[in-house]
Amino acid sequence: MRSTAGQRLAIDGGPRTRSIPFPAWPRVTERGRRALIDVLESGHWWQSGGGRAEALEEWLAAYHSTIGAVAVTNGTHALEVSLKALGIAPNSEVLVPALTFISTATAVTAIGAVPVPVDIDRDTLCIDQKDLKRKITQRSVAVVPVHLAGLPSDMSAIYELSRLESLLVIEDCAQAIGAEWKGRRVGSWGDVATISFQAAKLIAAGEGGAIIVRSDAELLERIRLLANCGRARGSKGYDHQLVGSNYRMTEFQAALILSQVDDFDDLCEVRAGAARALAQELLDRHLGIPTAVADQVTRMVWYMFVIRMTPSMLTRMTNVELAAALTAEGVPANPIYPPFYATGAYGGGQIEHSLRCPQAESAARELIWLHHSLLLDGERGVSDVVSALDKIDRQSTSWKLERRSG
Ligand SMILES: Cc1ncc(COP(=O)(O)O)c(C=O)c1O
């Protein structure tokens, strides 16, 4: 950690802790460039049989040990198509963790069903098993566990509960490709699972998504039809067997994604090493509380590094202020999501008391998160994050008062 003793905070006009940017994300690699040019020059820009999107689907199915996968336009559509293919009926209830990117909930709304917010576990930030059981009603038909920030949900418990309560399981793996619960990859537990390849994700193509199907061949075929205007794979004519839409991934997206799979595990290792070191530093220096990683998590992929503010820091600033102060110091940070029901899209928090999720609400006030690209800078990156947090912690004793009077 570098000494910043006596320095003013960068947000108040002092010097920045870090003046160089963190590693850029998404990465531009020679392999990616070549992959895109190959598609450009081949003239096969869309899925016309035997191309990159099909190769990606094969890779995804093999990687997750499932029967198949379908490459689609983005993670939001992946959720919508999955829910449609599973036959979720209008007005039925789908259990969704309150703390997630809005698409997990809007996908449910988009198909006419009702997203029911389930609270998160305070330590792991994933769906809370007790609240999940409490929120099940006669109308519940499915649950969408989200592996938030790369942290796997308790998939063994969810799997058992789904059998007991006849719930379908759609795993939202947008933030967690490659993570494992009890030695088994997330994305291989649910009836289906969805992935996002949006620009910030661990494998990025600007936009892009995929649906993974565990074992049901008919379901896989229905998803293929829905994503391809109702046509079967390889059908060149106008044989539309059902009303679908065009959710096809382009060959450019698929090529760019495939260009990243060989490096993926190595980058995960780098992130994991930095995350371990950062977690230890934060604990040792009382600068924040890193997320707990359960013993059953055999692989964590660190899409985001989440920090819970200490009670002392919370008396001096909000998580919005801390994120702004860190960003000014050269360490980009953001407050975590609001519970989805607190957004304008879902009535701005006007929900029945019994549906509220207190842990998700306190997470929205107390947590910040750092993007995984910060973990790709190894020891230097960790040291800069710790220095910036330490500086803010020490200099902010009277900060709130100053800012209020200013
Ligand atoms: C948990 C979660 N679900 C769904 C999505 C939606 O994915 P996309 O942005 O590819 O539509 C995201 C993307 O940020 C996400 O983080």
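Note that ligands are numbered from 1 as they come in the structure, with each ligand's atoms numbered from 1 the same way. Numbering starts at 1 and runs along the sequence shown. Atom set for the values below is all heavy atoms of this structure, side chains included, hydrogens, waters and symmetry mates excluded.
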Regarding [X] and the six-membered ring of [Y], is the cationic atom NZ or CZ under 6.0 Å from the ring centre and inside 45° of its axis?
| X | Y | result |
| --- | --- | --- |
| R184 | W189 | yes |
| R271 | W25 | yes |
| R356 | Y341 | no |

Sub-4.0 Å heavy-atom contact, H147 with ligand 1: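 Contact check H147 vs ligand 1: negative.
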[X] N/O to ligand 1 N/O under 3.5 Å:
| X | value |
| --- | --- |
| F101 | no |
| K201 | yes |
| D172 | yes |
| T76 | yes |

Close aromatic pair by centroid cut-off 6.0 Å: F252 and W46: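 That pair fails the under 6.0 Å test.
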Closest protein heavy atom (residue, atom, distance) for atom 16 (O) of ligand 1: Q175 NE2, 2.8 Å
Which atoms from ligand 1 have a heavy atom of [X] less than 4.0 Å away?
| X | result |
| --- | --- |
| V146 | 1 (C) |
| G75 | 6 (C), 7 (O), 8 (P), 10 (O), 11 (O) |
| T100 | 1 (C) |
| S103 | 4 (C), 6 (C) |

Ligand 1-proximal atoms of N74, by part, heavy-atom distance under 4.0 Å: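 The answer is both, backbone and side chain.
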Donor + acceptor pair across side chains of R139, N91 (<3.5 Å): no
Donor + acceptor pair across side chains of T109, Y346 (<3.5 Å):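 The criterion, which ignores hydrogens and geometry beyond distance, is satisfied for Y346 and T109.
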Spatial distance of atom CZ (R308) from atom CD1 (I368) [nearest 0.5 Å]: 12.0 Å
